[in-house]
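Each remark here refers to the structure printed beneath this line.
It should be emphasised that the depicted structure is a prediction, and the values quoted were computed from it without experimental measurement. These values consider heavy atoms only, across backbone and side chains, with no hydrogens, waters or symmetry-generated copies.
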Amino acid sequence: MEIRCPRAFLLPLTVVFFIFFFVPRFTYASEKEYIRQPPRRIIFTKHNRSKSEPQQVHISLAGNNYMRVTWITDDHKVPSTVEYGTAPGQYNTAARGEQTSYTYFFYSSGKIHHVKIGPLEPATTYYYRCGGVGPEFSFKMPPSTFPIEFVVVGDLGQTEWTNSTLKHVESKDYDVFLLPGDLSYADSQQPLWDSFGRLVEPIASRRPWMVTEGNHEIEIFPIIYPHGFKAYNARWLMPYTESESESNLYYSFDVAGGSIHIIMLGSYTEFNSDSAQYKWLLQDLAKIDRRTTPWVFVLLHAPWYNTNTAHQGEGESMRKAMEELLYGARVDVVFAGHVHAYERFTRIYDNEAESCGPVYVTIGDGGNREGLAMSYKEPASPLSMFREASFGHGRLRVLNHTHAHWSWHRNNETNSVVADEVWLESLSASSTCMGQQPSSLKDEL
């Protein structure tokens, strides 16, 4: 059941008053300089199962041929087990995992279950049941070879626009869902995390969702919750240990039998050259052999390149710290969110067109409650190939070792419309790019 509701009804008024008037909020000077398209109402999705039955079920890739199943129960006695098999109702394998829970002021979460299952066969449909009760779910493992297709959606939220986006996403099959930050827009109102999990369950339980954090996941409260990301880390466990990362806020994973390497970076944790994230990224990039891994993609939240008037310069310090690493590793595409619009750039390095640099794409238009970032800087930069303030989603179809097709689908209309598309050639196929590397990086990578 869905209930449309205002955003601030969920916490006691005294707490809401304190958060909104005494806690530093993440606001930006540029927010007064543009006008957003009117947002649509929040959809609050209720829990309509018993306390022991699973809710908010979602899956994520968890290493080579493994999947992590995550769900929540109100009953803390339910075991963290997943039964699964390749035929409906026939579960010939079971796995046990771990569980956690958390509190945030007067809110206490249900029991959050994380179970890693596998090894699993590629391109195979599995049927599964969580905790021994409740409905049956199913998912299809991504293929181990090309072609493979990704859906990319940023700044999703849980509004009527979100419903439109997800409807268009589901109108065509795909293999992996990528989300570069800003999931639920709970902003410390913890019941909205539960509502978001229930809203996306029909989709997130059948294809792996790989996410990284945005500013709306921070949820810092001075002194009491100074480190942030409490709900995000508890609910959306990603394969950071599998990729030898120290933090759930940045990690990497392989798909298509190791032919594609995807790196999820954290815009809201330390990223300078002496940080753990920077050192991890350096090691992660050094492991990539472009002869066997022809494609490398990166996702982060705050864009490094942006001609919208919203959020100008907010990714600049991270760009200065890490751009040379991505350029030296010949990353093919960098996806970002944060700006509530769509924009595609040419290949860039250090603010100039560079044929061996990544293509930069901003896709923060999933359906957030704040509306669209309608204003762009003029005149348009020659680096910006296409830009539009509309809600939508992207699809990246990697056909083979050398070619991929990117398309952005505007969903303001009843039917999704391909508004922008481009063919991409892997930088690994360029003898010029692979034969040259910035001298300052040769010793690092």
Side-chain angles (χ1 to χ4, degrees), residues 7-8 10-11 19-20 23-28 42 56 58 60 68 70 72 100-105 107 109 112 114 152-159 162 165 177-200 204 209-222 224-240 245-251 263-271 275-277 298-303 310-311 314-315 318 335-340 362-370:
R7 59 175 293 204
L10 294 163
L11 288 177
I19 290 175
F20 279 82
V23 179
R25 299 176 63 197
F26 292 89
T27 57
Y28 310 97
I42 293 174
Q56 306 177 50
H58 64 266
S60 54
R68 179 174 285 110
T70 297
I72 296 178
T100 188
S101 62
Y102 72 96
T103 59
Y104 194 91
F105 291 102
Y107 173 90
S109 75
I112 305 171
H114 300 291
V152 188
V153 181
D155 298 70
L156 188 56
Q158 47 189 311
T159 69
T162 308
T165 298
F177 192 105
L178 303 176
L179 203 166
D182 282 359
L183 284 70
S184 70
Y185 282 76
D187 291 322
S188 300
Q189 299 177 71
Q190 299 306 305
L192 282 177
W193 275 110
D194 294 311
S195 172
F196 177 79
R198 292 189 286 264
L199 174 68
V200 303
W209 278 39
M210 310 306 294
V211 307
T212 190
E213 84 282 0
N215 54 300
H216 286 275
E217 277 74 63
I218 297 174
E219 297 186 324
I220 282 178
F221 197 98
I224 303 174
Y225 302 114
H227 303 297
F229 305 107
K230 191 171 187 179
Y232 173 79
N233 285 331
R235 294 169 180 270
W236 290 85
L237 178 61
M238 293 290 113
Y240 74 94
S245 165
E246 297 178 1
S247 170
N248 192 50
L249 303 180
Y250 52 89
Y251 63 95
I263 301 170
M264 312 291 275
L265 295 179
S267 295
Y268 302 96
T269 186
E270 293 295 326
F271 46 69
S275 68
Q277 180 176 198
V298 170
L299 281 81
L300 47 85
H301 189 61
H311 305 309
E314 291 179 22
M318 190 179 190
F335 295 100
H338 199 40
V339 176
H340 297 166
T362 300
I363 188 158
D365 55 355
N368 63 86
R369 57 171 165 74
E370 297 174 328

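Put simply, the side chain of T159 does not reach to within 4.5 Å of the side chain of E370, judged on heavy atoms. Using a 4.5 Å heavy-atom threshold, the side chains of Q56 and I112 count as separate. In this structure the side chain of I220 never reaches within 4.5 angstrom of the side chain of Y225, judged on heavy atoms. Using a 4.5 Å heavy-atom cutoff, the side chains of P180 and H338 are not in contact. Using a 4.5 Å heavy-atom cutoff, the side chains of W236 and L183 are in contact. Residues N248 and L237 are in side-chain contact: their nearest non-hydrogen atoms beyond the backbone lie under 4.5 Å apart. Between L179 and L299 there is no side-chain heavy-atom pair separated by less than 4.5 Å.
Once rounded to the nearest 0.5 Å, the distance linking OG1 of T362 with CZ of F335 reads 10.5 Å. In this structure, CG in N233 is found 6.5 Å from OG in S247, a value given to the nearest 0.5 Å. Atoms CG and CD1, from L178 and I363 in turn, are 10.0 Å apart once rounded to the nearest 0.5 Å. For the atom pair CD (Q190) and OG1 (T103), the distance works out to 9.5 Å, reported to the nearest 0.5 Å. In this structure, CH2 on W193 lies 12.5 Å from OG on S109, to the nearest 0.5 angstrom. Note that CZ of R369 is 13.0 Å distant from CG of L156, once rounded to the nearest 0.5 Å.
The two residues E246 and A276 have their closest heavy-atom pair at OE1-CB, 3.8 Å. The two residues L192 and S184 come nearest to each other via the heavy atoms O-CB, 4.1 Å. Between M210 and P239, the closest heavy-atom pair is CE-CD, 3.6 Å. Taking both residues in full, the closest heavy atoms of I224 and F105 are given as CD1-CE2, 3.9 Å, listed atom of the first, atom of the second, then distance. Minimum interatomic distance between P303 and G337 (heavy atoms only, all atoms of both residues): CD-O, 3.4 Å. The two residues F229 and G214 make their nearest non-hydrogen contact at CE2-O, 4.2 Å.
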Criterion side-chain hydrogen bond (donor to acceptor under 3.5 Å, both in side chains) on Y232 and E219, from CA distance to verdict = CA-CA 9 Å; Y232 173 79; E219 297 186 324; over 6 Å; no
Take Y107 and D194 through the test side-chain contact (heavy atoms from CB on, under 4.5 Å) and record every step on the way to the result.
-> CA-CA 11 Å; Y107 173 90; D194 294 311; 2.6 Å; yes
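Counting only distance, with no hydrogens or angles, the side chain of D182 and the backbone of H216 share a donor-acceptor pair below 3.5 Å. Without hydrogens or angle criteria, Q158 side chain to F196 main chain gives a donor-acceptor distance under 3.5 Å. Using a distance-only test at 3.5 Å, with no hydrogens or angles considered, no donor-acceptor pair links the side chain of T212 to the main chain of L300.
Taking the six-membered ring where the residue is Trp, H311 and H340 present perpendicular rings, their angle passing 60° and hence far from 30°. Between W209 and F177, the ring planes are parallel. Angles under 30° get that label, and only those over 60° would be called perpendicular.
Only one option out of H58, M238, E217 pairs with V211 in a side-chain contact (heavy atoms from CB on, under 4.5 Å); it is M238.
Centroid-to-centroid, the aromatic rings of F221 and Y104 stay 6.0 Å apart or farther. Ring centroids of F271 and Y250 are separated by 6.0 Å or more, keeping the two rings apart.
Residues D155 and N368 bring no donor and acceptor atom of their side chains to less than 3.5 Å of each other.
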